[in-house]
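Following: one structure in structure tokens, then a few remarks.
Note that the structure is predicted; figures quoted are calculated from it, not measured. All chains are named by letter (A, B, ...) in the order of the sequence lines, taking the proteins before the strands, and each is independently numbered beginning at 1.
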There are 2 protein chains.
Amino acid sequence: MSTTVEMKKEKTTDEQNEKYTALLETGQKLFFKFGTKRVSVEEICQKADVSKMTFYKYFKDKNDLTKIILQKIFDEAMQQYHKIMKEKISFTEKIEKIIKLKLEKSNEYGDVFLEELLETNEELKAFVQKKSLEAYNLNIDFFKKGQKEGVIRKNMKPEFFMLLIEDITEMLHNEKLKTIIPDVHERFEELLNYFFYGIANERS
Amino acid sequence: MSTTVEMKKEKTTDEQNEKYTALLETGQKLFFKFGTKRVSVEEICQKADVSKMTFYKYFKDKNDLTKIILQKIFDEAMQQYHKIMKEKISFTEKIEKIIKLKLEKSNEYGDVFLEELLETNEELKAFVQKKSLEAYNLNIDFFKKGQKEGVIRKNMKPEFFMLLIEDITEMLHNEKLKTIIPDVHERFEELLNYFFYGIANERS
DNA sequence: GCCAATTATACGATTTATGTATAAATTTAC
DNA sequence: GTAAATTTATACATAAATCGTATAATTGGC
């Protein structure tokens, strides 16, 4: 029997290391702003106030750092997603929150990061696609649950639903709409209203 | 006598050339987004759908393009400035418009462009500083005119006035203020009101 | 076909980025 | 304080990107 319990104190993982997190954070900041291609390891080190040697101690190379950042992003998003799903609110409110989450994220990351990622590295490309698929399937499940609960009409295709969510997300940043409804929140409410009920007058 | 009038049709200057403007525009777009350092001549050419050779036909090098873009920016701003000054509106309205102009510009350009410019090339640095000084002096003149017209109090220093305008510009993007007054326009009105009249109650 | 403008390609030269080795400096624990 | 561990500074060989130009091929208008 293995009663020889190893009572080592919690291994000081990289995550708790000051230099490590500095590199991760400045790396993320720069990548979001400029994309990975345009940022060098040395620049990250300089701005993180960490020497290049320590960088290569914690990360195999720039690619490795990128992957870790990506993983972190996806993990956080997933966590927030599941948190919303567990909340005791109506399905409609969940959709609202999830779209809001999506919007937050897409603002936070800037487009540059994910865009450029797909046209550079094959490994990362695969990684992102895998994760995107996971998210996609999650949303499909969500959609089906909505149908089961009777909030979404049965004759609607999941793919169409997904497309609509994408569209709403983009519409919020549409320049023409911005001039029509300048305030972000109001714009969002209008779009959401349209998304749920279309243009028809209130149903009796 | 020189009645041999040369009736050449208006020389097709570079400005009217399709390729030239394509390079200028995509160059500007990329520079604003990433700064000059992070953008290569080849990238500009690719995205402008122009060959590298044609680039070097119109521009000596990347620096040359940058200078031309900068010149264009300053010229446009100056033009708009003088246009406002000529308008038959009150001095107060002029200040309002000029601050608005300043804000528009600083949004348009993104910070990256001008920032990185100052830490790379000496020639461009000098250029920007020269132009900035011109703009500064223009604003000082404007300020003095305001004092003469009795809109700005006499005991105020021009440097302080300039600093305040800078501050207002920055405040508009202040994150905390954004949560207090989310709407841009409303935020602007509040700041402008504060700028002109302080926090005091209406004067009788 | 001719002309002008543009492009594709290739190239050497230069600059920048990468990843590692080494020794010095700093921090941490004892 | 001192020893050990961590981090840094520096230098370096290598690889990759960028630059600016030369040349020949291509395009589009007349």
Side-chain angles (χ1 to χ4, degrees), chain A residues 8-27 29-31 33-69 112 116-117 119-125, chain B residues 7-27 29-31 33-69 112 116-117 119-124:
Chain A
K8 275 179 198 161
K9 83 166 162 205
E10 202 68 39
K11 192 172 65 187
T12 11
T13 52
D14 292 344
E15 286 80 36
Q16 308 163 240
N17 183 295
E18 200 180 309
K19 299 284 172 185
Y20 178 89
T21 50
L23 287 170
L24 217 98
E25 276 166 23
T26 54
K29 211 179 68 186
L30 288 170
F31 287 166
K33 202 165 178 186
F34 302 114
T36 55
K37 274 185 330 191
R38 301 181 140 91
V39 177
S40 73
V41 172
E42 287 206 341
E43 188 187 359
I44 297 171
C45 293
Q46 275 182 13
K47 305 220 164 131
D49 212 28
V50 171
S51 85
K52 204 167 31 152
M53 289 311 302
T54 357
F55 177 95
Y56 285 107
K57 184 188 162 191
Y58 291 121
F59 308 100
K60 194 179 148 286
D61 50 24
K62 196 167 74 176
N63 221 31
D64 187 35
L65 172 61
T66 311
K67 256 193 311 192
I68 291 171
I69 290 171
V112 191
E116 293 208 337
L117 224 52
E119 55 192 44
T120 37
N121 194 290
E122 281 303 315
E123 190 192 355
L124 290 176
K125 194 174 166 178
Chain B
M7 281 294 264
K8 277 179 197 161
K9 80 170 162 202
E10 201 67 41
K11 192 171 69 186
T12 15
T13 53
D14 291 346
E15 285 81 32
Q16 307 161 240
N17 185 295
E18 200 180 309
K19 299 284 172 183
Y20 178 89
T21 50
L23 288 169
L24 214 91
E25 277 166 22
T26 54
K29 210 179 69 186
L30 289 169
F31 287 165
K33 201 166 178 184
F34 302 115
T36 56
K37 274 185 331 192
R38 299 183 143 90
V39 177
S40 72
V41 172
E42 288 206 342
E43 189 187 359
I44 297 170
C45 292
Q46 275 181 15
K47 305 222 163 127
D49 212 30
V50 171
S51 85
K52 206 174 19 160
M53 289 312 300
T54 345
F55 178 95
Y56 285 107
K57 185 188 161 190
Y58 289 123
F59 308 101
K60 195 177 148 288
D61 50 24
K62 196 167 76 176
N63 222 31
D64 187 34
L65 172 62
T66 311
K67 256 193 311 190
I68 291 172
I69 289 171
V112 190
E116 293 206 338
L117 224 51
E119 55 192 45
T120 37
N121 193 292
E122 281 303 316
E123 190 192 355
L124 290 176

How is B:N63 classified with respect to the nucleic acid when contacts are heavy atoms under 4.0 Å: base, sugar-phosphate, or nothing?
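Since no nucleic acid heavy atom lies under 4.0 Å of B:N63, the category is nothing.
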
Among residues at least two apart in sequence or on other chains, which ones pass side-chain contact (heavy atoms from CB on, under 4.5 Å) with [X]?
X      : answer
B:K33  : A:V112
B:T26  : B:I44, B:A48
A:E123 : A:N63, A:K67, A:N121
B:E43  : A:R38, B:L30, B:V39, B:S40, B:K47

Rounded to the nearest angstrom, tell me the gap between atom [atom1] in [X] and atom [atom2] in [N].
X     : N      : atom1 : atom2 : answer
B:E18 : D:dT27 : CD    : P     : 17 Å
B:R38 : D:dA17 : CZ    : C1'   : 15 Å
B:K57 : D:dG20 : NZ    : P     : 18 Å
B:E43 : D:dT18 : CD    : P     : 8 Å

Please report how far the helix from C:dG1-D:dC30 to C:dC30-D:dG1 bends, comparing the axis fitted to its first five pairs with the axis fitted to its last five, to the nearest 10 degrees.
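The angle, to the nearest 10 degrees, is 50°.
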
Is the backbone of B:T36 close enough, under 3.5 Å, to the side chain of B:K62 for a donor and an acceptor to pair up by distance?
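Yes, because the side chain of B:K62 sits within donor-acceptor range (under 3.5 Å) of the backbone of B:T36.
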
Would you say B:N17 places a side-chain N or O within less than 4.0 Å of OP1 or OP2 belonging to C:dA5?
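Looking at the OP1 and OP2 atoms of C:dA5, neither is under 4.0 Å from any side-chain N or O of B:N17.
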
Quick one: is A:Y58 getting a side-chain N or O under 4.0 Å of the D:dT7 phosphate, OP1 or OP2?
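For A:Y58, the contact criterion (side-chain N or O under 4.0 Å from OP1 or OP2 of D:dT7) is met.
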
Partner residues of B:F55 under the ring-ring contact (aromatic ring centres under 6.0 Å, His included) criterion, sequence neighbours left out:
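Only B:F59 meet the ring-ring contact (aromatic ring centres under 6.0 Å, His included) criterion with B:F55.
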
Each nucleotide of nucleotides 10-30 of chain C classed B (base within 4.0 Å of a protein heavy atom), S (only sugar-phosphate) or -, in 5' to 3' order, makes -------SBBBB---------

With A:D61, which residues qualify under side chain to side chain donor-acceptor pair (under 3.5 Å), at least two apart?
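Result, side chain to side chain donor-acceptor pair (under 3.5 Å) vs A:D61: none returned.
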
Quick one: list whatever passes salt bridge (charged side-chain N to carboxylate O under 4.0 Å, His left out) with B:K29, sequence neighbours left out.
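For B:K29 there are no salt bridge (charged side-chain N to carboxylate O under 4.0 Å, His left out) partners, ignoring immediate neighbours.
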
